[in-house]
S.K.: 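Quick one: the structure is below, questions incoming.
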Amino acid sequence: MKLFSIFLSLMLSNQLFASTPMVKRVPVSGVFSPRGYDTSDNSEVVISGYLPNSCHQNPNVKVEIDNKKIKLVMTSFYYGEGNPYCTEAIMPFVKTIPLGNLDKGDYEVVVNEGSPSETHGEFTVAAERDDRRRDQIFANVEYI
């Protein structure tokens with residue numbers, strides 16, 4: 001019985017250690033924004049990257065729009081190297097980030113500024129189209 005109690009306490013302490021996450025930046029491999037947005041559209045960018053192992057969970061993004069520069073910080077909950085439940089497998093992800101209605105102009109997108117996986121992108125927001133041109137196809141995806 002004493003051995004069982006010791007085993008149970010070790011398992012519970014291990015569970016407690018595994019359930020205290022930290023927030024870490026996530027490596028990003030690409031930034032994509034479809035062409036064809038105008039001032040009446042809800043603009044968005046698509047971020048692709050990977051989680052280094054299964055200790056990283058649920059990638060999140062923080063968006064800051066400063067004039068014509070959009071700063072994105074991709075983070076995830078990190079459960080620690082000593083976690084016995086982490087699998088050493090790279091897990092890719094693709095996340096769509098809504099930016100809302102933006103003013104006309106060229107925008108620079110910077111993801112994880114100052115980190116080794118800093119990535120840049122750009123896109124243009126055009127003036128609002130009139131109703132005649134609204135029927136044309138825009139933001140057409142050419143390659144994924």
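Start at 1 with the first residue, then count along the sequence.
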S.K.: With a 3.5 Å cut-off and no angle check, do the side chains of Asp106 and Thr124 form a donor-acceptor pair?
M.R.: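 A pair is found: one side chain offers a donor N or O, the other an acceptor, under 3.5 Å apart.
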
S.K.: Roughly how far, to the nearest 0.5 Å, is the CZ atom of Phe93 from the CE atom of Met74?
M.R.: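 Met74 atom CE to Phe93 atom CZ measures 4.0 Å (nearest 0.5 Å).
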
S.K.: Taking all heavy atoms of Pro59 and all of Leu51, pick out the closest pair and write down the distance.
M.R.: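 Residues Pro59 and Leu51, closest heavy atoms: CD-CD1, 4.2 Å.
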
S.K.: Closest approach of Met91 and Ser54, non-hydrogen atoms and distance?
M.R.: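 Closest heavy-atom pair between Met91 and Ser54: CE-CA, 3.6 Å.
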
S.K.: For the pair Asn112 (side chain) and Val26 (backbone), establish whether a donor and an acceptor sit closer than 3.5 Å, ignoring hydrogens and angles.
M.R.: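 Answer holds: yes.
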
S.K.: Between Asn53 and Cys55, which heavy-atom pair has the shortest distance, and what is it?
M.R.: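 That closest heavy-atom pairing would be OD1-N, 2.9 Å.
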
S.K.: Is Tyr50 reachable from Phe32 through a run of hydrophobic residues whose side-chain heavy atoms are each under 4.5 Å from the next?
M.R.: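 No, Phe32 does not connect to Tyr50 through the hydrophobic network.
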
S.K.: What orientation do Phe123 and Tyr37 show, parallel under 30°, tilted 30 to 60°, or perpendicular over 60°?
M.R.: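 Ring orientation of Phe123 relative to Tyr37: perpendicular.
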
S.K.: In terms of heavy-atom contacts, does NZ of Lys104 have more than 12 from other residues, nucleotides or ligands at under 6.0 Å?
M.R.: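 No, because the 6.0 Å sphere around NZ of Lys104 holds 12 heavy atoms or fewer from other groups.
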
S.K.: Could you state whether Val45 and Val73 fall into the same hydrophobic cluster, counting links through intermediate Ile, Leu, Val, Met, Phe, Trp or Tyr residues with side-chain heavy atoms under 4.5 angstrom apart?
M.R.: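 No: no chain of side-chain contacts under 4.5 Å links Val45 to Val73.
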
S.K.: Exactly one of Val63, Val46, Val31 should register a side-chain contact (heavy atoms from CB on, under 4.5 Å) with Ile97. Which one does?
M.R.: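 Filter result, single survivor: Val63.
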
S.K.: For Glu118 and His120, what are the C-alpha separation, side-chain angles and deciding distance, and is it a side-chain hydrogen bond (donor to acceptor under 3.5 Å, both in side chains)?
M.R.: CA-CA 7 Å; Glu118 180 176 326; His120 295 265; 2.8 Å; yes

S.K.: Working to the nearest 0.5 Å, report the span between NZ of Lys71 and CD1 of Ile65.
M.R.: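 It is 12.0 Å, given to the nearest 0.5 Å.
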
S.K.: Could you tell me the separation between the OG atom of Ser33 and the CD1 atom of Ile70, rounded to the nearest 0.5 Å?
M.R.: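 Nearest 0.5 Å value for the OG-CD1 distance: 8.0 Å.
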
S.K.: Measure the spacing between CD of Glu113 and NZ of Lys69 and express it to the nearest 0.5 Å.
M.R.: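 Here the interatomic distance stands at 4.0 Å.
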
S.K.: Give, for atom CD of Glu44 and atom CG of Leu99, the distance between the pair rounded to the nearest 0.5 Å.
M.R.: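 It is 8.0 Å, given to the nearest 0.5 Å.
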
S.K.: Which pair of heavy atoms, one from Ala127 and one from Thr39, lies closest together, and at what distance?
M.R.: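 What the structure gives for the nearest pair is C-OG1, 4.1 Å.
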
S.K.: Any chain of hydrophobic side-chain contacts (each under 4.5 Å) joining Val125 to Leu72?
M.R.: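 Val125 and Leu72: one cluster.
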
S.K.: Check for me, please, whether Ile47 and Val110 land in the same ILVMFWY cluster - side-chain distances under 4.5 Å, paths through other members count.
M.R.: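 No, no single cluster joins them.
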
S.K.: To the nearest 0.5 Å, what is the distance between OH on Tyr78 and NE2 on His56?
M.R.: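 Output value for this atom pair is 5.5 Å.
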
S.K.: Is it the case that more than 12 heavy atoms not belonging to Asn101 sit under 6.0 Å from its CG atom?
M.R.: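 Yes, because the 6.0 Å sphere around CG of Asn101 holds more than 12 heavy atoms from other groups.
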
